[in-house]
Amino acid sequence: MGFFSRLFKGPEIDMEKSRANAKKMRILFNQVVKDGDDYRLIFGYTEDVSRFNYGFVHGSKTKIGNLIVGWNEASQTIVVVPTVPDLSGCGDPTYYRRSEILKAYRNKYPTDAFIIYPDKKGYIGINACDWLEDEKLYVYVSQDEELAAFTDFFMNQFATK
């Protein structure tokens with residue numbers, strides 16, 4: 001394959017590795033979230049490492065916070081669980097219930113992030129991609145279908161108008 005075809009096609013996704021990481025995400029999430037199977041999951045990341053410093057505590061030198069993000073349409077809840085790129089462990093979950101948040105919206109600039117203000121003191125910005133390949137910084141996972149479902153949930157049921 002030549003340079004230009006790689007440029008337009010992109011690298012091949014290792015679906016076996018992606019599925020294995022999705023399974024690891026599920027196991028970690030279910031360990032710390034009661035009724036974890038009631039949530040759909042995506043991998044996300046944040047630059048707000050002061051709030052989600054699990055990576056620093058567990059040896060990740062990156063300024064990116066890795067997150068397992070779960071959402072439940074019935075309870076209108078998003079749960080964020082900090083983790084590390086190799087999914088060797090996770091921190092405590094943070095719950096964002098629609099009825100308890102101040103504001104939520106999708107910020108297109110400078111990054112395409114899902115922004116949640118739980119109160120007047122702070123916010124969380126969740127970035128998510130269809131596919132992440134830099135295993136030093138992010139969990140290697142393909143999630144285009146799940147990300148589309150999360151985006152739909154967030155924009156149509158969770159975000160404030």
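Just so you know, these numbers use all the heavy atoms, side chains as well, and skip hydrogens, waters and symmetry mates.
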**OP:** For residues Ile116 and Phe158, determine if any side-chain heavy atom of one lies less than 4.5 Å from a side-chain heavy atom of the other.
**Re:**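 Contact flag for Ile116/Phe158 side chains = yes.
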
Is the [X] ring parallel, tilted or perpendicular to the [Y] ring (thresholds 30°, 60°)?
X      : Y      : value
Phe150 : Trp71  : perpendicular
Tyr45  : Tyr138 : tilted
Tyr117 : Tyr105 : parallel

For [Y], is there any backbone N or O sitting under 3.5 Å from a side-chain donor or acceptor partner on [X]?
X      : Y      : result
Asn21  : Val141 : no
Thr77  : Arg98  : no
Thr151 : Leu147 : yes
Ser142 : Ser18  : no

**OP:** Look up atom CZ in Phe154 and atom CD1 in Ile126, then write down how far apart they are to the nearest 0.5 Å.
**Re:**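 Here the rounded value is 7.0 Å.
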
Original post:
What are the two closest non-hydrogen atoms of Val84 and Val139, and how far apart are they?
Top reply: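 Taking Val84 first and Val139 second, the nearest heavy atoms are O-CG2, 4.0 Å.
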
Original post:
For Asp112, what residues pass the salt bridge (Lys or Arg N to Asp or Glu O under 4.0 Å) criterion, not counting sequence neighbours?
Top reply: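 Residues passing salt bridge (Lys or Arg N to Asp or Glu O under 4.0 Å) with Asp112: Arg106, Lys108.
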
Original post:
Should Met25 and Ile27 be counted in the same cluster of Ile, Leu, Val, Met, Phe, Trp and Tyr side chains packed under 4.5 Å apart?
Top reply: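 No; Ile27 is not reachable from Met25 via cluster members.
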
